[in-house]
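Predicted model only: the values in this text are computed from it and were never measured. Values below: all heavy atoms of this structure, side chains included; hydrogens, waters and symmetry mates excluded.
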2 protein chains.
Amino acid sequence: MTAYTATSLKAELNERGWRLTPQRETILTIFQNLPKGNHLSAEDLYNLLSEEGHHISLSTIYRTLKLMARMGILRELELAEGHKHYEINQPAPYHHHHLICVRCNKTIEFKNDGILKTGSRTAQKEGYHLLDCQLIIHAICPTCQRSLLPI
Amino acid sequence: MTAYTATSLKAELNERGWRLTPQRETILTIFQNLPKGNHLSAEDLYNLLSEEGHHISLSTIYRTLKLMARMGILRELELAEGHKHYEINQPAPYHHHHLICVRCNKTIEFKNDGILKTGSRTAQKEGYHLLDCQLIIHAICPTCQRSLLPI
DNA sequence: AGCTTTATTGAGAAGGATACACAATAACTC
DNA sequence: GAGTTATTGTGTATCCTTCTCAATAAAGCT
Ligand SMILES: [Mn+2]
Ligand SMILES: [Mn+2]
Ligand SMILES: [Zn+2]
Ligand SMILES: [Zn+2]
């Protein structure tokens, strides 16, 4: 959960015998510059890259998202839309959680410092190396409560 | 997040114009009697039912799991195995969270009263009707840290 | 208890997100 | 700069979940 640069990413990859590629660097940059509150799916990322003139294959995108999530660079969000979303994983003052309406998928972000502390403490106590810690609240938003539509 | 009986489930279903079926009642019973710490996927549930002589189609199982999750009876867990798992949703003394190894999927349950309080307060503040509240910690377990296998 | 309405089921097919296979490429090490 | 091998791109495969639709059976009313 530290801020990555192309250089530090390369160092961490090489340390494990892996390589920094233009594709990986481009994808990291995209997430670093993503406005707060945005989350990208694999396809979102693919389209965003295309708009910017970068062609990176969907396979590489899926592989890179998974890689970066497992390195702790990105967090993988299950926002109840049937596919995963990703955002940059940031420490304390930016770290946040998600309140999700299970009917319309409207999502609200909120902060709570205690939760990350609880997560860190729990992981440490069990000898786990922490990657990400997210509180997910499944709920029904005011609009959907008023609507008469079933489930 | 209250304890359901067949009767109270029927009441809540009928109130919305829905019906209590033998399939739904059977599935509720399965989850109520599931030993602590167990989570079932759709296919797990299908097999468990088959062993007990109940034939309930996979379609119905998927529909029922989704229905009960959206009613707040079950909680839907994303345990990083590529498919969802479900468990009964219980209030305070039984309410718990999950610490998951993203490499081997080993999962540890832990309790923390403050988190459910935070979740309830946050949902209420935004006017959301709370269904479930779960802290997910993605991490790497001691065994996987020692293994040299990539990601 | 019987009748009517319509939510629900079961079987199979379809959909969609993600992973895989493998030859071509290119990042790293020396 | 050359050799090694991780990574990419393309197409294909896999698997979880949802959809379709005719048959069934709960619920509500007499
Ligand atoms: Mn977010
Ligand atoms: Mn559990
Ligand atoms: Zn909503
Ligand atoms: Zn592990």
For A/His83, side-chain hydrogen bond (donor to acceptor under 3.5 Å, both in side chains) partners two or more places apart:
A/His85
Rounding to 10°, can you tell me the angle the first-five-pair axis of the helix from C/dA1-D/dT30 to C/dC30-D/dG1 makes with its last-five-pair axis?
60°
Just the rounded figure in Å: distance from C1' of C/dA17 to CG of A/Asn47.
14 Å
Other than B/Leu77, what residues sit in its cluster of Ile, Leu, Val, Met, Phe, Trp and Tyr side chains whose heavy atoms are under 4.5 Å apart, directly or through others?
A/Leu77, A/Leu79, A/Ile100, A/Ile136, B/Leu79, B/Ile100, B/Ile136
Determine all donor-acceptor pairs shorter than 3.5 Å in which one atom belongs to a side chain in residues 113-129 of chain B; sequence neighbours excluded.
residue  : atom : partner  : partner atom : Å
B/Thr118 : OG1  : B/Gly114 : O            : 3.1
B/Ser120 : OG   : B/Leu116 : O            : 2.8
B/Thr122 : OG1  : B/Thr118 : O            : 2.7

What residues form a side-chain hydrogen bond (donor to acceptor under 3.5 Å, both in side chains) with B/Glu76, not counting sequence neighbours?
B/Tyr86
Less than 3.5 Å apart, which donor and acceptor atoms pair up between the side chains of residues 52-59 of chain B and the rest of the protein, not counting sequence neighbours?
residue : atom : partner : partner atom : Å
B/Ser57 : OG   : B/Thr60 : N            : 3.2
B/Ser57 : OG   : B/Thr60 : OG1          : 3.1

By side-chain contact (heavy atoms from CB on, under 4.5 Å), which residues pair with A/Ser50, not counting sequence neighbours?
A/Tyr46
Tell me every residue that passes side-chain contact (heavy atoms from CB on, under 4.5 Å) with B/Thr29, counting only those two or more places apart in sequence or in another chain.
B/Asn33
The contact string for nucleotides 18-28 of chain C, one letter per nucleotide 5' to 3', using protein heavy atoms under 4.0 Å with B, S and - for base, sugar-phosphate only and none, comes out as BSBB----BBS
With sequence neighbours left out, the residues meeting side-chain contact (heavy atoms from CB on, under 4.5 Å) with A/Asn38 are A/Leu34, A/Pro35
Nearest-angstrom distance from the residue atom CD of A/Glu43 to C1' of C/dA17:
9 Å
Its 5'-most and 3'-most nucleotides having an atom under 4.0 Å from a non-hydrogen atom of chain B, DNA chain D is contacted over D/dC16 to D/dA27
For B/Asn14, the side-chain contact (heavy atoms from CB on, under 4.5 Å) test, sequence neighbours excluded, returns B/Lys10
Decide yes or no on side chain to side chain donor-acceptor pair (under 3.5 Å) for B/His39 and B/Glu87, but give the supporting numbers first.
CA-CA 5 Å; B/His39 316 103; B/Glu87 68 182 6; 3.1 Å; yes
